[in-house]
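Everything on this sheet refers to the single structure shown next.
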Amino acid sequence: MRLFAALQLSEDMKSALADTAAELAKLGKGRFTRTENLHLTLAFIGETPASDAAVEALGGLDAACFEMTLSGAGHFENLLWAGIAPNPALESLAAKTFSLLQEAGFALEEREFIPHITLVRDYKPFEGEIPQFAPAETCMTVTHVSLMKSEQIGGKLTYTEIFSKALLP
């Protein structure tokens, strides 16, 4: 099973991101993230048969709800993403999630946490350079962390929540 810990997004945030993706689609092509799959990854676990251990680890999360705002955008090579405004609560949640999963025995890739939401992979602009873009600033309350399963269903990449850990009010 291919797993990752993530924040699922509000419908308003998904809508703002879908609008941005639609604008990018007018200017280039690539593998666009389906709107229902938009999320913010806290920790990528990868292939593992140990979903129970991941559920147990995330069950130990102790963090409060917080506000998160879309702000800015960027790219890693030809992967284009929407950014998140600087947010100490998000940074802390990502660090706690990473730690709990590592302590549970998952070998996670150690790299700087850059909070982002992938909009399109393998983007190729029709003309010139990657265009300037940014979604409308949209805010949401983060209320839970999800353990997600990634799989192909009917030829489409599909993310399914297999566990949800509510954050403290």
Side-chain angles (χ1 to χ4, degrees), residues 1-18 21 31-74 76 79 81-121 135 137-169:
M1 200 178 308
R2 190 173 174 90
L3 302 177
F4 59 94
L7 300 180
Q8 295 199 58
L9 307 177
S10 69
E11 291 305 314
D12 286 347
M13 195 169 278
K14 285 182 181 181
S15 179
L17 294 165
R31 294 185 298 124
F32 286 84
T33 303
R34 294 179 25 233
T35 303
E36 58 269 24
N37 282 351
L38 291 166
H39 67 278
L40 189 150
T41 300
L42 295 172
F44 180 73
I45 298 167
E47 283 294 330
T48 180
S51 61
D52 290 348
V55 166
E56 188 173 330
L58 292 179
L61 263 176
D62 183 18
C65 295
F66 61 92
E67 297 294 311
M68 177 174 85
T69 304
L70 282 177
S71 180
F76 306 125
L79 182 149
W81 49 265
I84 301 295
N87 189 318
L90 175 58
E91 298 281 336
S92 174
L93 180 64
K96 287 177 184 178
T97 301
F98 188 90
S99 256
L100 287 169
L101 290 167
Q102 250 188 347
E103 288 168 14
F106 292 100
L108 306 178
E109 186 177 331
E110 300 241 8
R111 61 177 148 163
E112 179 186 2
F113 177 67
I114 300 172
H116 67 280
I117 300 160
T118 299
L119 298 175
V120 58
R121 291 174 174 79
E137 284 198 9
T138 308
C139 188
M140 67 171 270
T141 302
V142 175
T143 60
H144 66 282
V145 172
S146 299
L147 180 62
M148 305 295 290
K149 173 175 66 168
S150 170
E151 60 189 335
Q152 290 284 335
I153 298 177
K156 292 182 179 179
L157 182 61
T158 304
Y159 300 145
T160 306
E161 182 182 75
I162 62 171
F163 175 73
S164 176
K165 171 61 178 180
L167 300 180
L168 302 170

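Only a predicted model underlies this, so the values are computations on that prediction, with no experimental measurement involved.
In this structure the side chain of His116 never reaches within 4.5 angstrom of the side chain of Leu40, judged on heavy atoms. Using a 4.5 Å heavy-atom threshold, the side chains of Ile162 and Ser51 count as touching. With a 4.5 Å cut-off on side-chain heavy atoms, Lys14 and Leu17 do not count as touching. When side chains are defined from C-beta on, Leu7 counts as touching Leu93, because their heavy atoms get closer than 4.5 Å. When side chains are defined from C-beta on, Met148 does not count as touching Leu3, because their heavy atoms never get closer than 4.5 Å. Under the 4.5 Å side-chain criterion, counting only non-hydrogen atoms from C-beta, Met68 is in contact with Leu9. Annotation: side chain of Pro115 is in contact with side chain of Glu91 (closest heavy-atom distance under 4.5 Å).
Atoms NZ and CZ, on Lys149 and Arg2 in that order, are 14.0 Å from each other to the nearest 0.5 Å. If you take OG1 on Thr48 and CZ on Phe106, they are separated by 4.5 Å, rounding to the nearest 0.5 Å. A distance of 10.0 Å separates CE of Met13 from CD of Glu137, quoted to the nearest 0.5 Å. Separating the CG atom in Leu119 from the CG atom in Leu38 is a distance of 6.5 Å, to the nearest 0.5 Å. The CG atom of Asp62 lies 5.5 Å from the NZ atom of Lys96; values are rounded to the nearest 0.5 Å. Atoms CG and OG1, on Leu147 and Thr160 in that order, are 11.0 Å from each other to the nearest 0.5 Å.
Thr97 and Ala5 make their closest contact through CG2-CB, 3.7 Å (heavy atoms, listed as atom of the first residue, atom of the second, distance). Nearest heavy atom pair, residue Ala166 against residue His144, reads CA-CB, 3.9 Å. Of all heavy-atom pairs spanning Ala104 and Ala57, the tightest one is CB-CB, 3.8 Å. Scanning all heavy atoms of the two residues, the minimum distance from Glu109 to Phe98 falls at O-CE1, 3.5 Å. Between Cys139 and Glu67, the closest heavy-atom pair is SG-OE1, 3.2 Å. Of all non-hydrogen atoms in Ala54 and Ile45, the two that sit nearest each other are CB-CD1, 4.1 Å.
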Check your understanding: Going through the distances and angles, do Leu90 and Val142 end up as a side-chain contact (heavy atoms from CB on, under 4.5 Å)?
Key -> CA-CA 9 Å; Leu90 175 58; Val142 175; over 6 Å; no
Check your understanding: Passes side-chain contact (heavy atoms from CB on, under 4.5 Å), Leu157 versus Gln152? Steps please.
Key -> CA-CA 5 Å; Leu157 182 61; Gln152 290 284 335; 3.9 Å; yes
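In this structure a side-chain-to-backbone donor-acceptor pair under 3.5 Å is present from Thr33 to Thr118.
Remark: Tyr159 engages Phe4, His39 in a ring-ring contact (aromatic ring centres under 6.0 Å, His included) (not counting sequence neighbours). For Phe113, there are no ring-ring contact (aromatic ring centres under 6.0 Å, His included) partners at least two apart in sequence or on another chain.
Residue Glu161 places its CD atom among more than 12 non-hydrogen atoms of other residues, nucleotides or ligands, all under 6.0 Å distant.
Ile84 pairs in a side-chain contact (heavy atoms from CB on, under 4.5 Å) with only one of the listed residues (Thr69, Leu70, Ile114), which is Leu70.
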